[in-house]
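Here's the structure, in structure tokens; my notes come after.
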Amino acid sequence: ELPETVLLKFFRPENTPVPARPTPEQLSNLIKTRLHYPESFSHSFHQKSLCLVPVTLLLSNCSQAVVDVMIDLRHKTTSPEALEIHGSFTWLGQTQYKLQLKSQEVYSLQLKACFVHTGVYNLGTPRVFAKLADQVTLFETSQQNSMPALIIINNI
């Protein structure tokens, strides 16, 4: 005699929220950054020893949540190979920024790069950290850095 087969049905209440914990990959892609600057910049170092170039850092919140953002301009490339190729420059003014971006918000930060020599430089040094505003964490997640942002400084 065959045993009776019973179909099982699984029920889940419709309104039960499933707490979605973002993955480290998602947390490192909350903010996209882009630098806007001239490809090359000509300056007379004989007349004025410091060359100041305006640079715009564009921050885009890619998430649907409010995000706390911290920008640190103090980071320097210290590897000898990078210095040989790109040289060293300084960001003028404030070196750290803390701001909050709403869902899908784009924020434009005006910066100034200062050069004392001609050469090719990598402007892609700002470090950007972010965390969801409602998260209680001690540190923000470092955001994916884009490609090197090269600028050529010429003497006239």
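What you see is a predicted model, and the numbers here were worked out from it, not measured in a lab.
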Please report the closest heavy-atom contact between [X] and [Y], naming both atoms and the distance.
{"X": "Gln104", "Y": "Ser63", "result": "NE2-O, 3.1 Å"}
{"X": "Gly124", "Y": "Ala149", "result": "N-CB, 3.8 Å"}
{"X": "Ser60", "Y": "Val106", "result": "OG-CG2, 3.8 Å"}
{"X": "Val53", "Y": "Phe115", "result": "CG2-CE1, 3.6 Å"}
{"X": "Ala133", "Y": "Asp68", "result": "CA-OD2, 3.6 Å"}
{"X": "Ser40", "Y": "Asn154", "result": "CB-ND2, 4.0 Å"}

Nearest 0.5 Å, what's the [atom1]-[atom2] distance between [X] and [Y]?
{"X": "Ile71", "Y": "Phe129", "atom1": "CD1", "atom2": "CZ", "value": "10.5 Å"}
{"X": "Glu105", "Y": "Cys62", "atom1": "CD", "atom2": "SG", "value": "12.5 Å"}
{"X": "Leu111", "Y": "Trp91", "atom1": "CG", "atom2": "CH2", "value": "5.0 Å"}
{"X": "Ser42", "Y": "Ile156", "atom1": "OG", "atom2": "CD1", "value": "5.5 Å"}
{"X": "Lys32", "Y": "Leu58", "atom1": "NZ", "atom2": "CG", "value": "13.5 Å"}
{"X": "Leu52", "Y": "Leu92", "atom1": "CG", "atom2": "CG", "value": "5.5 Å"}

Begin from the C-alpha positions of Leu150 and Tyr121 and carry the test side-chain contact (heavy atoms from CB on, under 4.5 Å) through to its verdict. CA-CA 5 Å; Leu150 300 180; Tyr121 297 88; over 6 Å; no

What do you reckon, is [atom1] of [X] surrounded by more than 12 foreign heavy atoms closer than 6.0 Å?
{"X": "Gln47", "atom1": "CD", "result": "no"}
{"X": "His117", "atom1": "NE2", "result": "no"}
{"X": "Gln96", "atom1": "CD", "result": "yes"}

Between Gln100 (side chain only) and Val66 (backbone N and O only), is there a donor and an acceptor less than 3.5 Å apart? no

Looking only at atom types and distance, does a side-chain atom of Asn122 sit under 3.5 Å from a main-chain N or O of Pro148, one as donor and one as acceptor?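 Answer holds: no.
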
Could you tell me whether the side chain of [Y] reaches within less than 4.5 Å of the side chain of [X], counting heavy atoms only?
{"X": "Phe41", "Y": "Ile152", "answer": "no"}
{"X": "Arg34", "Y": "Leu59", "answer": "no"}
{"X": "Leu109", "Y": "Thr56", "answer": "no"}

Given the rule that I, L, V, M, F, W and Y join up when any side-chain heavy atoms are under 4.5 Å apart, are Val120 and Val116 in one cluster?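 Not linked; separate clusters.
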
Single-linkage hydrophobic cluster, 4.5 Å side-chain cutoff, Leu99 and Val55 together: yes

Verdict with reasoning, Tyr107 to Asn61, per side-chain contact (heavy atoms from CB on, under 4.5 Å): CA-CA 8 Å; Tyr107 185 83; Asn61 181 355; over 6 Å; no

Verify whether the ring centers belonging to His43 and Phe45 lie closer than 6.0 Å. yes

Might you work through the side-chain contact (heavy atoms from CB on, under 4.5 Å) test for Met70 and Val128, ending with a clear yes or no? CA-CA 6 Å; Met70 201 270 280; Val128 178; over 6 Å; no

Evaluate side-chain contact (heavy atoms from CB on, under 4.5 Å) for Phe89 paired with Ile153, printing each intermediate quantity in order. CA-CA 11 Å; Phe89 72 98; Ile153 302 297; over 6 Å; no

